Engineer: 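One structure, pasted below without further comment.
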2 protein chains.
Amino acid sequence: MVMKQRELKPETLAKAASMLKAIAHPVRISIIRFLEHGKKKTVTEIHTNLGIEQAMASHHLVILKDRGVLASKREGKNTWYFLKHESLSYLLKCISDCCEEE
Amino acid sequence: MVMKQRELKPETLAKAASMLKAIAHPVRISIIRFLEHGKKKTVTEIHTNLGIEQAMASHHLVILKDRGVLASKREGKNTWYFLKHESLSYLLKCISDCCEEE
DNA sequence: GTCAAATATAATAAAATCTGTATATAACGT
DNA sequence: ACGTTATATACAGATTTTATTATATTTGAC
């Protein structure tokens, strides 16, 4: 018995594309890697560590949050950002493996 | 002993981003899913099955091939396209899981 | 060579993204 | 209220994507 692949609904497809598009940027990949393994970081920690402007960091973080990649929690003056799905680590590993093998 | 995360070289980062960007499109995700499990399909099969114009299909296929997602092989009048890395199936599964759980 | 089928390319305009700079808002301590 | 720190937003020009349509190329059959 052959299993027919389950079709993705157009909305799921669009959501997946939009999420992938959010991830598909060098700086944002770096941000995600910086947050792997459940780490929570502030905007300042992120922009300092990755060597990008504060406004840039904030901007990219908003994109990642809007598309459902990150979540955040405000605490006083700080906003802590973290991965919403730890499985994204796996996704990045998969892509970098694909890249390296050529 | 804590393992420090290996940094990605800027070029690898750029390559990964560009590959992800290629994947991050509803039609192109559909194409990749259509080619999962080692299937090889012609442009006609792809554009017919997915219900898109021939030129569109060809266009998207070129993008996916240029960025290293697909490979192709010409045989007579037909060009057969197929996944270059079967592990991309896993990547798509990961993303759609992330999408559905909200 | 001519025709038809299969695929690829070109040209265009509209839409979305990116980067950098400037500015605004929020929260805290005094 | 004022100053400072942390974060978020707005704006604008440059670049990149996207969808559409039309056209070109390649290959095989005759």
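Only this structure's heavy atoms are used, side chains among them; waters, hydrogens and symmetry mates stay out. The chains referred to below are lettered A, B, ... by the order of the sequence lines, with proteins before strands, and numbering in each begins at 1. For clarity, every value in this text was computed on a predicted model and none was experimentally measured.
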Engineer: Rounded to the nearest angstrom, tell me the gap between atom NE2 in A:H59 and atom P in D:dA6.
Structural biologist: 22 Å

Engineer: Any side-chain N or O of A:R67 less than 4.0 Å from the OP1 or OP2 oxygen of C:dT17?
Structural biologist: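 Looking at the OP1 and OP2 atoms of C:dT17, one of them is under 4.0 Å from a side-chain N or O of A:R67.
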
Engineer: Counting just side-chain N and O atoms, does A:T79 come under 4.0 Å of either OP1 or OP2 of D:dA6?
Structural biologist: no

Engineer: Do A:H59 and A:E53 touch side chain to side chain, with heavy atoms closer than 4.5 Å?
Structural biologist: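 They are not in side-chain contact.
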
Engineer: Rounded to the nearest angstrom, tell me the gap between atom CH2 in B:W80 and atom P in C:dA8.
Structural biologist: 13 Å

Engineer: Is a donor-acceptor pair below 3.5 Å formed from side chain B:Q54 to base C:dA8, judging by atom type as modelled?
Structural biologist: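 Indeed, a donor on one side and an acceptor on the other fall under 3.5 Å apart.
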
Engineer: How about CZ on A:F82, more than 12 heavy atoms from neighbouring residues, nucleotides or ligands closer than 6.0 Å, or not?
Structural biologist: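 Buried by this count: over 12 neighbours within 6.0 Å.
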
Engineer: So, does B:N78 get its side chain near the phosphate of D:dT27, meaning an N or O under 4.0 Å from OP1 or OP2?
Structural biologist: no

Engineer: When you match B:A55 and A:E75 each to their closest nucleotide on DNA chain C, which lands nearer the 5' end?
Structural biologist: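 By nearest-heavy-atom nucleotide position, the 5'-most residue is B:A55.
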
Engineer: Indicate whether OP1 or OP2 belonging to D:dA8 is found under 4.0 Å from a side-chain N or O atom of A:Y81.
Structural biologist: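 A:Y81 to D:dA8 OP1/OP2: side-chain N or O found under 4.0 Å.
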
Engineer: Which nucleotide, D:dT17, D:dT7, C:dT7, lies nearest any side-chain atom of B:S58?
Structural biologist: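 For the B:S58 side chain, the nearest candidate turns out to be C:dT7.
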
Engineer: Atom CG of B:D66 and atom C1' of C:dT9: how far apart are they, to the nearest Å?
Structural biologist: 12 Å

Engineer: Rounded to the nearest angstrom, tell me the gap between atom CE in B:M56 and atom P in C:dA8.
Structural biologist: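 Rounding to the nearest Å, CE of B:M56 and P of C:dA8 are 14 Å apart.
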
Engineer: Taking the side chain as C-beta and beyond, is there a heavy-atom pair between A:W80 and A:E45 under 4.5 Å?
Structural biologist: yes

Engineer: Should B:T44 be listed as having a side-chain N or O under 4.0 Å from OP1 or OP2 of C:dT7?
Structural biologist: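 For C:dT7, OP1 or OP2 has a side-chain N or O of B:T44 closer than 4.0 Å.
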
Engineer: It should be established whether B:R74 places a side-chain nitrogen or oxygen under 4.0 Å from OP1 or OP2 of nucleotide D:dT25.
Structural biologist: no

Engineer: Take atom NZ of B:K21 and atom P of C:dT17, then tell me their distance rounded to the nearest Å.
Structural biologist: 11 Å

Engineer: OP1 or OP2 of C:dG20 less than 4.0 angstrom from a side-chain nitrogen or oxygen of A:H60, does that happen here?
Structural biologist: no

Engineer: Whole-Å distance between D:dT17 C1' and B:H25 NE2?
Structural biologist: 8 Å

Engineer: How many Å lie between CD on B:E53 and P on C:dA10, as a whole number?
Structural biologist: 20 Å

Engineer: Is there a path of hydrophobic side-chain contacts, each under 4.5 Å between heavy atoms of I, L, V, M, F, W or Y residues, that connects A:L92 with A:I63?
Structural biologist: no

